[in-house]
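All remarks here apply to the structure that follows.
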Amino acid sequence: MSKRIIFHIDANSAYLSWEAVHRLQHGDPLDLRTVPSVIGGDPVTRHGIVLTKSIPAKKYNIETGESILSASAKCPELIIVRPNYSLYMQCSKAFGDILCEYSPLIEQYSIDEYFVDFSNMGRLYKDPVEVAYIIKDRIKNELGFTVNVGVSTNKILAKMASELKKPDMVHTIFPDEIPDKMWVLPIEELFMVGRATAKKLRSRSINTIGDLANYDPKLIKLFLKSHGTLVWNYANGYEASPVRENRRPMIKGIGNSTTISFDVEDRRTAHLVLLSLTETVATRLRQSGYCARLVSVSLRTNEFYNCSHQRKIYSAIDCTNAIHEIACELFDELWKGQPVRHLGVRVSELCENDFQQIALFEKNYEKQRTVDRTVDSIRKRFGNGSVFRSSFLNSGVRFSSGGTMDDEEYPMMSSLL
DNA sequence: TCTGGGGTCCTAGGACCC
DNA sequence: TCTGGGGTCCTAGGACCC
């Protein structure tokens with residue numbers, strides 16, 4: 001049995017590179033990648049954070065996630081481009097299509113990352129690292145953007161390898177290279193070590209991945225519980241999950257949330273925002289063929305206090321009105337009158353909607369479900385704005401918030417490796 | 001740090017049952 | 001109600017990923 005070979009391929013500064021390529025293809029002489037630039041939202045509507053930065057922008061210490069305002073302060077000539085998600089979907093797919101030519105087993109991990117299982121391909125190709133270079137160069141030449149490829153024997157090591165030096169590089173972290181290439185890195189660089197875990201580890205003088213790897217796993221488990229065991233395993237390169245095709249990923253929940261462009265101070269407006277969020281959640285729920293047994297509402301106040309409220313429902317539902325009604329009740333129970341900055345609606349505990357449990361309960365939603373299906377099909381044919389509720393007229397609230405990903409077979413981010 | 005939006009999983013505490 | 005222990009379900013919140 002030959003050993004496993006896994007590639008992790010990561011598009012460099014994905015959104016920004018894709019936007020840059022798109023502009024060059026449409027005759028723009030400027031390559032955004034060569035100047036300080038970012039993809040980011042609009043501060044006027046309070047969506048102002050940096051999603052992706054160019055390498056020249058990085059030289060100004062601009063960080064992903066920081067506000068557009070502070071980024072502009074660091075670099076006054078910074079070019080800011082709004083995100084264009086449908087373009088990203090296309091680029092992501094074109095990227096995956098090339099990878100498919102090299103192995104029958106690939107997994108999309110996020111919009112800009114794929115895993116490829118290259119085990120047992122030795123008969124076709126002799127050196128996997130050579131193939132990694134070929135893939136990298138093909139994507140650059142044919143699609144115009146660069147990627148990093150990480151090569152190893154499992155997913156975590158391949159992923160850690162692809163994050164080493166960027167851009168346009170191939171790296172390996174084979175097990176015997178772990179001490180030299182991975183253990184020297186600061187603890188924050190390890191997959192699944194975020195801010196909170198890094199702080200706890202550093203408080204115990206665990207500063208590098210190597211410190212963690214060589215620590216007593218029993219002690220790690222004692223103070224970080226199961227998450228401690230997980231990161232200790234990762235630090236040692238222990239991980240064995242398969243690359244799995246994501247034909248139809250088993251989704252766990254569907255949510256939609258938004259930062260509202262103004263602070264909501266009254267119940268009526270809040271309910272209207274919840275309706276606009278519910279419209280897309282419910283549409284996506286019906287499109288995916290599920291009903292939900294749990295509805296949650298989340299809320300952020302103007303002082304950035306977050307809280308949430310959820311309710312289990314005993315008849316699984318997929319109706320816009322039914323979900324909205326519960327969302328409003330949850331909001332009313334949660335809200336203490338503070339100005340509201342952000343609202344979210346989420347459904348989970350999904351089950352197939354082809355079963356008749358729906359009709360068995362106190363409220364017969366059958367008629368409502370027929371209406372929903374009709375509206376869904378009208379929107380599908382004539383666009384999302386073709387039908388909307390009159391309550392949104394002159395309300396200052398958009399009739400529908402967020403995309404429904406209609407016919408775009410976009411696999412949502414999968415969970416852990 | 002005037003700070004988005006989509007996910008997943010884990011944990012802790014309370015209610016309830018036997 | 002001077003009172004145990006184990007199990008499951010529900011809810012809220014936290015942590016992580018991109």
Side-chain angles (χ1 to χ4, degrees), chain A residues 8 10-11 13-15 38-52 61-74 82-83 85 88 92 108-114 155-156 159 162-163 188 190-201 224-231 234 249-261 263 277 280-281 284 293-314 330 333-334 341-350 401-405 410-417:
Chain A
H8 179 258
D10 190 328
S13 315
Y15 293 177
V38 296
I39 302 295
D42 183 0
V44 175
T45 57
R46 311 201 292 188
H47 288 66
I49 66 157
V50 172
L51 298 170
T52 314
N61 289 320
I62 291 167
E63 306 277 351
T64 301
E66 83 174 291
S67 73
I68 295 285
L69 268 74
S70 101
S72 302
K74 290 176 181 175
R82 303 283 167 252
Y85 294 100
Y88 308 154
S92 179
Q108 181 160 24
Y109 180 66
S110 76
I111 194 161
D112 63 347
E113 287 171 69
Y114 287 86
K155 287 163 94 176
I156 187 76
K159 185 162 165 58
S162 74
E163 315 254 296
E188 290 79 10
L190 183 62
F191 182 68
M192 290 304 286
V193 174
R195 242 198 3 231
T197 306
K199 198 177 159 198
K200 288 177 198 164
L201 290 169
L224 289 180
K225 312 283 162 86
S226 66
H227 192 245
T229 305
L230 180 89
V231 294
Y234 287 177
M250 183 57 194
I251 51 169
K252 303 287 168 59
I254 296 172
N256 190 197
S257 65
T258 188
T259 296
I260 307 140
S261 56
D263 282 341
L277 293 165
T280 50
V281 167
R284 286 173 55 202
R293 301 196 130 93
L294 187 68
V295 179
S296 334
V297 164
S298 60
L299 180 159
R300 175 178 296 154
T301 70
N302 64 339
E303 292 179 318
F304 280 81
Y305 168 75
N306 296 305
C307 53
S308 67
H309 200 28
Q310 67 185 50
R311 181 171 303 152
K312 180 121 187 172
I313 41 185
Y314 292 91
L330 290 168
E333 289 165 14
L334 192 58
R341 178 188 177 89
H342 174 109
L343 281 172
V345 174
R346 165 162 210 86
V347 294
S348 49
E349 297 202 8
L350 308 183
S401 156
T404 54
M405 309 246 160
Y410 172 62
M412 286 300 180
M413 255 175 254
S414 54
S415 59
L416 287 182
L417 290 180

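Note on A:Thr197: every side-chain N or O is 4.0 Å or more away from OP1 and OP2 of C:dA15. Proximity of A:His47 to the phosphate of B:dG5: a side-chain N or O atom is located under 4.0 Å from OP1 or OP2. When the side-chain nitrogen and oxygen atoms of A:Thr258 are compared with OP1 and OP2 of B:dG5, one or more of them lie within a distance under 4.0 Å. Taking side-chain N and O atoms only, A:Lys252 has a distance below 4.0 Å to OP1 or OP2 of B:dC9.
Rounded to whole Å, the distance from CD1 on A:Ile313 to P on C:dC9 is 18 Å. The CD1-C1' distance, from A:Ile39 to B:dG4, rounds to 14 Å in whole Å. As rounded to whole Å, 13 Å separates atom P of B:dT3 from atom CG of A:Leu51. In this structure, the CZ atom of A:Arg195 is 9 Å from the P atom of C:dA15, given to the nearest Å. The separation between A:Arg341 atom CZ and B:dG5 atom P is 9 Å, rounded to whole Å. Summarising the geometry, the separation between NZ on A:Lys225 and P on C:dA15 is reported as 13 Å, rounded to the nearest angstrom. For the pair A:Asn256 CG and B:dG7 P, the computed distance is 8 Å after rounding to whole Å. C:dC16 atom P lies 15 Å from atom NZ of A:Lys159, rounded to whole Å.
If you check every strand for non-hydrogen atoms under 4.0 Å, A:Glu113 touches sugar and phosphate atoms only. As judged by a 4.0 angstrom heavy-atom cut-off over every strand, A:Gly40 is placed among residues making no nucleic acid contact. Base engagement by A:Gln310 is indicated by at least one non-hydrogen atom pair under 4.0 Å involving a base atom. Contacts of A:Leu69 with the nucleic acid, taken as non-hydrogen atoms under 4.0 Å apart, involve only primed sugar atoms and P, OP1 or OP2. If you check every strand for non-hydrogen atoms under 4.0 Å, A:Ser296 touches nothing. Nucleic acid contact for A:Gly194: sugar-phosphate only, since backbone atoms but no base atoms lie under 4.0 Å from a heavy atom of the residue.
B:dC2 sits 24 Å from C:dC18 when the P atoms are compared, rounded to a whole Å.
The existence of a salt bridge linking A:Lys74 and A:Glu66 is confirmed by a sub-4.0 Å separation between a basic side-chain nitrogen and an acidic carboxylate oxygen. A:Glu113 has a carboxylate O that lies under 4.0 Å from a charged side-chain N of A:Lys159, or vice versa, which qualifies the two as a salt bridge.
Residues satisfying the side-chain contact (heavy atoms from CB on, under 4.5 Å) criterion with A:Asn306, sequence neighbours excluded, are A:Arg300. Partners of A:Ser308 by side-chain contact (heavy atoms from CB on, under 4.5 Å), not counting sequence neighbours, listed by chain and number: A:Ser298. Remark: A:Glu63 pairs with no residue by the salt bridge (Lys or Arg N to Asp or Glu O under 4.0 Å) rule, at least two apart or across chains. Residues satisfying the ring pair (Phe, Tyr, Trp, His ring centres under 6.0 Å) test with A:Tyr85, not counting sequence neighbours, are A:Tyr15, A:Tyr88.
Judged by closest nucleotide on DNA chain B, A:Ile260 is the one of A:Ile260 and A:Ser226 placed further toward the 5' end.
Counting heavy atoms from C-beta outward, A:His309 and A:Leu299 have side chains that stay 4.5 Å or more apart. A heavy-atom distance below 4.5 Å is not found between the side chains of A:His8 and A:Lys155.
Near DNA chain C, meaning a heavy atom under 4.0 Å away, there are no residues from residues 297-304 of chain A.
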With Watson-Crick and G-U wobble geometry limited to distances under 3.5 Å, how should the secondary structure of DNA chain B be encoded in dot-bracket form, using | for bases paired to another strand and [ ] for crossing pairs?
....||||||||||||||
Audit row: A:Glu188, A:Lys199, salt bridge (Lys or Arg N to Asp or Glu O under 4.0 Å) steps and yes/no:
CA-CA 9 Å; A:Glu188 290 79 10; A:Lys199 198 177 159 198; over 6 Å; no
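Residue A:Arg284 has its side chain nearest to B:dG6 when only C:dT11, B:dG6, B:dG4 are considered.
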